[in-house]
Amino acid sequence: MGGRQEKLKAYLLSFALAGSVLLAWQVLTLPATPPAEVIHADNAEYAQLMGTASAAPVSHGFPSPGQFGHDAWQQLRAPFHNSGPNDRGIGWQLGASLLRVFIGYGLAVAVAVPLGLLMGQMPLLARGLNPFIQVLRPISPLAWMPIALYTIQNAEGCGIFVIFICALWPVLLNTSFGVARVRREWLDVASTLELGWVQRMWRVILPAAAPTIVTGMRVGLGIAWLAIVAAEMLVGSSGIGYFVWNQWNNLSISNVILAVLLIGITGMILDTAFSALQRSVGYAE
């Protein structure tokens, strides 16, 4: 009963904060009324022609919540329309970004998990690779873009490469750490039962290191989703990052806000899915 009350209070607090943000947004985007000016009779006709005869409210340029809702509905009611490279629905753009992320991220996991398993079991290999990892890991994914563009010479391939390189390190390091920290007693039991290398890996090491591996995969996916948006702004011809930049060039702030919200919601859904996976592989010692 107490847990339900806490959840209800949390939901109410979230709604209250959302309402406060919307209210502040509405107040800050109210049209401003310029100060009234005295217009001489000789200039009254000229002022009327120029539209300055009356003190009309002046818009800030930033959309109000109502304007944003109207513009967002125009986008969301046909999210997958495709009328050319520069006129594609936001759902199509979001799907293009997700496809790039899943390809690059899948490649990163396919490389990082086996290599991390070897590093966790072979300290010499881990020490030998550690200097290279520590040098390459802090490099911003966007810093790789010029090299990727020069070598790959394809915008699609560059986006996938950026995802691969930024998702690789958290998965690799967490996998290596998880395998290296498997309890010695469990490995001794596996040796006593005369389990082969494959069986020991499948029955003991992977289940024991799974929570740490999934944590690295969760972090890697979050970084990948951040990086693809920035990469598409630079070299993309499609994708949600390209959509944001294109709508900014068109001065459509409402569409920019909509894209930013969809980026956040999509990231939250991906993280929630990995959170559920993390709970499913967890165990109590």
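Below, all heavy atoms of this structure are taken into account, side chains as well, without hydrogens, waters or symmetry copies. Count residues from 1 along the sequence.
Taking Trp248 as the reference, Trp245, Ile253, Val256 meet the side-chain contact (heavy atoms from CB on, under 4.5 Å) condition, with sequence neighbours excluded. For Arg127, the side-chain hydrogen bond (donor to acceptor under 3.5 Å, both in side chains) test picks out no residue, with sequence neighbours left out.
Annotation: side chain of Leu136 is in contact with side chain of Trp144 (closest heavy-atom distance under 4.5 Å).
Counting non-hydrogen atoms of neighbouring residues, nucleotides and ligands closer than 6.0 angstrom, the CZ atom of Phe177 reaches no more than 12 such neighbours. Atom CE of Met122 has 12 or fewer heavy atoms from other residues, nucleotides or ligands within 6.0 Å.
Here the closest non-hydrogen pair linking Tyr105 and Arg218 is OH-N, 4.4 Å. In terms of heavy atoms, Ile228 sits closest to Ser97 at CG1-O, 4.4 Å. Residues Pro63 and Phe68 approach most closely at CB-N, 4.2 Å, considering heavy atoms. Nearest heavy atom pair, residue Pro170 against residue Gly220, reads CG-CA, 3.6 Å.
If you chain together hydrophobic residues whose side chains sit under 4.5 Å apart, Leu118 and Leu206 never meet in one group. The same ILVMFWY cluster, assembled from side-chain heavy atoms under 4.5 Å apart, contains both Val182 and Val171.
Atom-to-atom distance recorded for Thr272:OG1 and Leu277:CG is 12.5 Å, nearest 0.5 angstrom.
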Report task. Check the pair Glu232, Gln93 against side chain to side chain contact (heavy atoms under 4.5 Å, CB included), reporting the backbone distance first and the verdict last. Result -> CA-CA 11 Å; Glu232 288 172 345; Gln93 306 285 12; over 6 Å; no

Report task. Would you check, one step at a time, whether the test side chain to side chain donor-acceptor pair (under 3.5 Å) holds for Asp71 with Gln67? Result -> CA-CA 6 Å; Asp71 295 340; Gln67 292 171 333; over 6 Å; no

Query raised in the report: Stepwise, does the side chain to side chain contact (heavy atoms under 4.5 Å, CB included) test hold for Met119 with Leu129?
Result: CA-CA 9 Å; Met119 289 174 58; Leu129 292 178; 3.9 Å; yes

